[in-house]
Colleague: 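Pasting a structure below so you can have a look.
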Amino acid sequence: MTDVELIEKAKEAARASYSPYSGFTVGAALITKDGKLYLGCNIENASFSPTCCAERTAFFKAVSEGEREFSKIAIVGGKGLDFTDFCPPCGVCRQVMKEFCGEDFTVILGKNGEEVKTLTLGELLPFGFGL
Ligand code: THU
């Protein structure tokens, strides 16, 4: 799957976002090393702290299905499905990525139009904590 196709999947995933409090919809499309696709959206909660980001939803779906090896993730986010700017993953999601992925794991950020930003986990979380 190309990076552009993966971003389209992330946009599809964002349509399921449950975000009545922030109105900020996020979608993530995660690809395993053997090509399986897992989608995630952000899921908010009236009590706020139980909110789960789209990236973690995708990772936890995949890991709970037995997946352990990942190649890349595409992420989009914006108010009301309007992806005006890039939506880089929060620090907690970067740490979750670190648990399962190496420094070369690819993070593709998408927005409206064709522009894409491609980063590695090593760039997003330098000198990160791991056992
Ligand atoms: N959010 C994500 O889904 N991923 C991130 O990496 C950053 C933030 C969600 C959480 C919340 O539902 C909304 O965006 C606003 O913070």
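Every number for a ligand or one of its atoms is a count from 1 in the order of the listing.
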Colleague: Would you compute the distance between atom CZ of F100 and atom OG1 of T32 and round it to the nearest 0.5 angstrom?
Modeller: 14.0 Å

Colleague: Check each atom of ligand 1 against the heavy atoms of E55 and keep those under 4.0 Å away; list them by number with element.
Modeller: 2 (C), 3 (O), 4 (N), 5 (C), 6 (O)

Colleague: Regarding atom 1 (N) of ligand 1: of the candidates S19, C53, P88, C90, which has the closest heavy atom?
Modeller: C53

Colleague: Considering G78, G91, A54 one by one, which has a heavy atom nearer to atom 3 (O) of ligand 1 than any of the others?
Modeller: A54

Colleague: Could you list the atoms of ligand 1 found under 4.0 angstrom from a heavy atom of N42?
Modeller: 3 (O), 9 (C), 11 (C), 12 (O), 13 (C), 14 (O)

Colleague: Going by the atom numbers of ligand 1, which of them fall below 4.0 Å from some non-hydrogen atom of E44?
Modeller: 11 (C), 12 (O), 13 (C)

Colleague: Around atom NZ of K72, are there more than 12 heavy atoms of other residues, nucleotides or ligands at under 6.0 Å?
Modeller: yes

Colleague: Starting at CG of L119, measure out to CG of L125 and round the result to the nearest 0.5 Å.
Modeller: 12.5 Å

Colleague: Hey, which atoms in ligand 1 end up nearer than 4.0 Å to a heavy atom of P89?
Modeller: 6 (O)

Colleague: Where is the nearest protein heavy atom to atom 14 (O) of ligand 1: which residue, which atom, and how far?
Modeller: F24 CD2, 3.5 Å

Colleague: Would you check if there is a donor-acceptor pair between the side chains of S17 and N42 at a distance under 3.5 Å?
Modeller: yes

Colleague: Does E65 pair with K61 as a salt bridge, N-O distance under 4.0 Å?
Modeller: no

Colleague: Quick check on E114: does its CD atom have over 12 non-hydrogen neighbours (other residues, nucleotides or ligands) under 6.0 Å away?
Modeller: no

Colleague: Is there a nitrogen or oxygen of T51 sitting under 3.5 Å from a nitrogen or oxygen of ligand 1?
Modeller: no

Colleague: Is there at least one protein heavy-atom neighbour under 4.0 Å from atom 16 (O) of ligand 1?
Modeller: no

Colleague: Describe, in one word, how the ring planes of F48 and Y21 are oriented to each other, choosing from parallel (under 30°), tilted (30 to 60°) and perpendicular (over 60°).
Modeller: tilted

